[in-house]
Novice: 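Sending over a structure as structure tokens; questions will come in a sec.
Counting convention: from 1, in listed order, for ligands and their atoms alike.
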Amino acid sequence: MKKKVIAYNRVEKPVLEDLQQKYDVHYFKNIDTKRDPEFLKQLQTAEGIIGLDLTVDEELLNHAPQLKIVSNNSVGYNNLDIEQLNRRSIMATNTPGILTDTVADTIFGLLIATARRIPELDAYVKSGNWTESLGSDYFGSDVHHKTLGIIGLGRIGDAIAKRAHFGFDMDILYHTRSKKPHAEETYGAKYRSMDQLLMESDFVCLMTPLTPETERHIGKREFQLMKASAIFINGSRGKTIVEQDLIAALQNGEIAAAGLDVFEQEPTDPDNPLLKMKNVVTLPHIGSSTNETELKMSRHAADNLEAGLNGNKPPSLINPEVWK
Ligand code: NAP
């Protein structure tokens with residue numbers, strides 16, 4: 001009998017088809033996982049889960065007594081309750097590394113788009129308003145030779161620093177839990193306390209994972225420490241900031257602009273005041289989503305899943321403590 005697998009939301013088609021050849025795959029998209037009767041029924045006998053954004057908590061695990069592995073098709077895994085998974089000796093995996101350059105491209109693109117007001121000016125031209133040479137009301141801010149502060153200089157933060165240093169002659173400041181000698185030597189990056197980084201940076205870019213430590217760690221006080229000309233970029237997770245405080249900081253002119261790939265609630269409410277602000281550039285959490293990278297991530301997530309289902313150590317195991 002084929003092993004049962006639940007696929008959720010995003011698994012690229014060729015990879016899903018390949019898994020369907022080998023396993024009894026049940027695919028679900030954007031359902032209420034707490035209530036969907038078919039999902040809960042299949043979960044009872046599933047040995048593996050693969051996909052994106054499925055909340056795997058105690059309640060879900062109570063419906064999944066045979067589960068061996070949860071393969072997340074992303075690098076962030078704040079949707080997984082690792083303590084509960086460990087208690088039940090269930091493996092959890094993610095897709096680190098594969099998406100690093102793609103996300104760094106998106107976040108750096110977002111930074112430039114925000115500083116140079118590209119979406120606003122695009123809309124201006126397309127709406128037929130461009131009838132004469134423009135004045136300073138439409139000017140943006142330079143990116144090159146400015147100071148970029150990166151909070152969370154891990155794989156993606158490092159790739160952003162590389163682009164900023166080699167491509168745009170920017171000065172790099174960073175804040176993490178541990179010092180990064182590679183970035184200091186290669187990009188001249190300088191370590192700063194969080195407060196000092198916020199006060200000195202022209203651009204503040206948030207690239208930490210969402211953890212109990214980082215949840216809501218940029219709020220009113222932090223926005224007030226930033227320069228009034230500062231541009232804030234969030235590429236991490238929406239809940240790493242207090243969104244209401246960002247709205248207030250923009251409304252009060254405490255910072256100049258923001259570029260956001262992530263929101264407190266996703267998809268964000270169409271009435272979110274951020275969506276009405278000209279100095280805010282938004283993306284629909286699309287950092288890693290190119291055709292090439294999504295396919296590679298799905299393949300890697302499937303490799304992780306198959307290893308776990310077949311008694312082998314998955315290449316990107318998040319909780320090695322359950323591996324015996
Ligand atoms: P990573 O290599 O693990 O890097 C994370 C960095 O955050 C590390 O440098 C870590 O510092 C730092 N960090 C963790 N907790 C911190 C804290 N309390 N204070 C300061 N720094 C802290 O991960 P990655 O691959 O770069 O990915 C980072 C995050 O980006 C993911 O977890 C995910 O949330 C987000 N992401 C977003 C998208 C998107 O589409 N927008 C796509 C992929 C990933 P240490 O090295 O000192 O531990």
Novice: Can you tell me which residue and heavy atom of the protein come closest to atom 27 (O) of ligand 1, and the distance to 0.1 Å?
Specialist: I156 CD1, 3.5 Å
Novice: Is T176 touching ligand 1 with its side chain, its backbone, both, or neither, if touching means heavy atoms under 4.0 Å apart?
Specialist: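 Both the backbone and the side chain of T176 come within reach of ligand 1.
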Novice: Under a 4.0 Å threshold between the charged nitrogen and the carboxylate oxygen, would D202 count as salt-bridged to K227?
Specialist: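 So K227 pairs with D202 through a salt bridge.
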Novice: Got a salt bridge between K22 and E306, using NZ or NE/NH1/NH2 to carboxylate O under 4.0 Å?
Specialist: yes
Novice: Going by the atom numbers of ligand 1, which of them fall below 4.0 Å from some non-hydrogen atom of G152?
Specialist: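 That gives atoms 6 (C), 7 (O), 9 (O), 12 (C) of ligand 1.
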Novice: Strictly under 4.0 Å, does any heavy atom of G235 approach an atom of ligand 1?
Specialist: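 So G235 counts as touching ligand 1.
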Novice: Under 4.0 Å from any heavy atom of V103, which atoms of ligand 1 are there?
Specialist: 42 (C), 43 (C)
Novice: Once you restrict to heavy atoms under 4.0 Å, what part of K180 touches ligand 1? Side chain, backbone, both or neither.
Specialist: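 Side chain only.
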Novice: Might you confirm whether atom CZ of R116 has over 12 heavy atoms from other residues, nucleotides or ligands at distances under 6.0 Å?
Specialist: no
Novice: Using a 4.0 Å heavy-atom threshold (strictly under), name the region of S236 that reaches ligand 1: side chain, backbone, both or neither.
Specialist: backbone
Novice: For ligand 1, is any non-hydrogen atom under 4.0 Å from R155's backbone (N, CA, C, O), its side chain (CB onward), both, or neither?
Specialist: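 Both backbone and side chain.
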Novice: Which of the atoms in ligand 1, numbered in the order shown and given with their element, are less than 4.0 Å from a heavy-atom of T214?
Specialist: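 Ligand 1 atoms under the 4.0 Å threshold to T214: 15 (N), 16 (C), 17 (C), 18 (N).
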Novice: Which one of V262, T208, T102 has a non-hydrogen atom at the shortest distance from atom 22 (C) of ligand 1?
Specialist: T208
Novice: Quick check against the 3.5 Å criterion: does T186 have a side-chain atom that pairs as donor or acceptor with the backbone of A183?
Specialist: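 Here the side-chain-to-backbone pair does not exist.
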Novice: Atom 34 (O) of ligand 1: which of H285, H217, E215, R237 has the nearest heavy atom?
Specialist: R237
Novice: Just which atoms of ligand 1 are under 4.0 Å from any heavy atom in G287?
Specialist: 39 (C), 40 (O)
Novice: Is the closest basic N to carboxylate O distance between K179 and E184 below 4.0 Å?
Specialist: no
Novice: Going by the atom numbers of ligand 1, which of them fall below 4.0 Å from some non-hydrogen atom of G154?
Specialist: 2 (O), 4 (O), 6 (C), 8 (C), 9 (O), 26 (O)
Novice: Can D142 and K146 be counted as an ion pair, charged N to O under 4.0 angstrom?
Specialist: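 Salt bridge between D142 and K146, a charged N being under 4.0 Å from a carboxylate O: no.
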Novice: Is the closest basic N to carboxylate O distance between E292 and K296 below 4.0 Å?
Specialist: no
Novice: Does I107 reach ligand 1 with a nitrogen or oxygen that is under 3.5 Å from one of the ligand's nitrogen or oxygen atoms?
Specialist: no
Novice: Would you check the N or O atoms of E213, main chain and side chain alike, for any that come under 3.5 Å of an N or O of ligand 1?
Specialist: yes
Novice: Does the pair R163/D101 count as a salt bridge with the N-to-O cut at 4.0 Å?
Specialist: yes
Novice: Please check whether D261 reaches ligand 1 - meaning an N/O of the residue sits under 3.5 Å from an N/O of the ligand, judged on distance alone.
Specialist: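 Checking ligand 1 against D261, an N or O pair does fall under 3.5 Å apart.
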Novice: Flag the pair D195 and R221 as a salt bridge only when some basic side-chain nitrogen lies within less than 4.0 angstrom of an acidic carboxylate oxygen.
Specialist: yes
Novice: Any salt bridge linking D158 with K162? Criterion: basic side-chain nitrogen under 4.0 Å from a carboxylate oxygen.
Specialist: no
